[in-house]
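Heads up: the structure comes next, in structure tokens.
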Amino acid sequence: MLLPPAAAAEVTPLVMIARGYAGVHRPANALLAELRPQVRLREGFSQFHALCSESAWPFEVLSYGLSFYLRAFLPAAVTATAFEGTFTDGGWLVTAPAGRTPEGGDDFKVEMARELHERYPDHTSVYIGDGRLDFPAARLCQRIFAVRDSTLAR
């Protein structure tokens, strides 16, 4: 099981995702072909992003997924930071997002939340999430919205 050790902070999110992809032996195009018919953005996402843009509110997606998924499913105008995945020799190498380091004790969501506070000091910081792994970054924000019935909501 991957999630219990990560939830207990026994392994980092990067280690958890890298372990999860260790058993995946299909390239990105095959994974995306399987998911495209099934994946839909949450209802209201596009309207919410448009509202943020119209209001000049900074908007950044932080995900522990792999960046190729986000590029495939999010609108091009959405800025996103996620783990990088490189498929070589029949397997995946998962690394920290470009320009981010897994060292230093903080995961990149925490690092990004701090940077966004510094970059936009006159804005209220809002975090929207659903899971236990969102706790550290969410705690840094002034407002938290949790997906109904999620671990973060509880």
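Because the structure is predicted, anything quoted here is derived from the model rather than measured.
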Task: For A113 against A137, the heavy-atom pair lying closest together - done: CB-O, 4.3 Å

Open item on the list: As an exercise, state the distance from CG of L116 to CD of E111, rounded to the nearest 0.5 Å.
Closed with: 11.0 Å

TODO: Could you grab the distance from atom OG1 of T88 to atom CG of L93, nearest 0.5 Å is fine?
DONE: 6.5 Å

- [ ] Please state whether the rings of Y64 and F83 are parallel, tilted or perpendicular, taking 30° and 60° as the class boundaries.
- [x] parallel

- [ ] Using the rule that two of Ile, Leu, Val, Met, Phe, Trp, Tyr join whenever any of their side-chain heavy atoms come within less than 4.5 Å, decide whether Y21 and V39 are in one cluster.
- [x] yes

Task: Side-chain heavy-atom pair V24, L31 within 4.5 angstrom cut-off - done: yes

TODO: Verify whether one side chain among T79 and E60 offers a donor that lies under 3.5 Å from an acceptor in the other.
DONE: no

Task: D149 backbone acceptor or donor facing R154 side chain under 3.5 Å - done: yes

Open item on the list: Is the shortest side-chain heavy-atom distance between M16 and L133 below 4.5 Å?
Closed with: yes

Open item on the list: Does any part of the side chain of T124, heavy atoms only, come nearer than 4.5 Å to the side chain of W57, both counted from C-beta?
Closed with: no

Open item on the list: Within the 4.5 Å heavy-atom criterion, are S150 and D134 side-chain neighbours or not?
Closed with: no

Open item on the list: For I144 versus A138, what's the shortest heavy-atom pair and its separation?
Closed with: CD1-O, 3.3 Å

Task: Flag, side chain of S67 to backbone of A82, donor-acceptor distance under 3.5 Å - done: no

Open item on the list: Within the 4.5 Å heavy-atom criterion, are Y127 and K109 side-chain neighbours or not?
Closed with: yes

Task: Parallel, tilted or perpendicular: rings of Y120 and H123 (30°, 60°) - done: perpendicular

Task: Test item: V94 and L14 side chains (from C-beta on) under 4.5 Å apart, heavy atoms - done: yes

- [ ] Answer yes or no: are there more than 12 heavy-atom neighbours, outside E43 itself, under 6.0 Å from its atom CD?
- [x] no

- [ ] Measure across R36 and A72 and return the closest heavy-atom pair with its distance rounded to 0.1 Å.
- [x] NH2-CB, 4.0 Å

- [ ] Nearest 0.5 Å please: distance from the CG atom of L62 over to the CE atom of M112.
- [x] 5.5 Å

Open item on the list: Set out, in order, the CA-CA distance, both residues' side-chain angles and the distance that settles side chain to side chain contact (heavy atoms under 4.5 Å, CB included) for H49 and L74, then state yes or no.
Closed with: CA-CA 11 Å; H49 183 255; L74 287 176; over 6 Å; no

- [ ] Nearest 0.5 Å please: distance from the CZ atom of R143 over to the CD1 atom of I128.
- [x] 13.0 Å

- [ ] Provide the closest heavy-atom pair for A30 versus R26 in the form atom of the first, atom of the second, distance.
- [x] O-NH2, 3.4 Å

Open item on the list: Treating H117 as the side-chain partner and L140 as the backbone partner, does any N or O pair qualify as donor plus acceptor under 3.5 Å?
Closed with: yes

Task: L35 with F87, same ILVMFWY side-chain cluster at under 4.5 Å - done: yes

- [ ] State the CZ-CG distance between F48 and L41, to the nearest 0.5 angstrom.
- [x] 13.0 Å

TODO: Would you check if V78 and F45 make a side-chain contact, meaning some heavy-atom pair closer than 4.5 Å?
DONE: yes

Open item on the list: Quick check on the 6.0 Å ring-centre criterion: do W92 and F68 meet it?
Closed with: yes

Open item on the list: Is there a path of hydrophobic side-chain contacts, each under 4.5 Å between heavy atoms of I/L/V/M/F/W/Y residues, joining V126 to F135?
Closed with: no

Open item on the list: Return the CD to SG distance between Q47 and C52, rounded to the nearest 0.5 Å.
Closed with: 12.0 Å

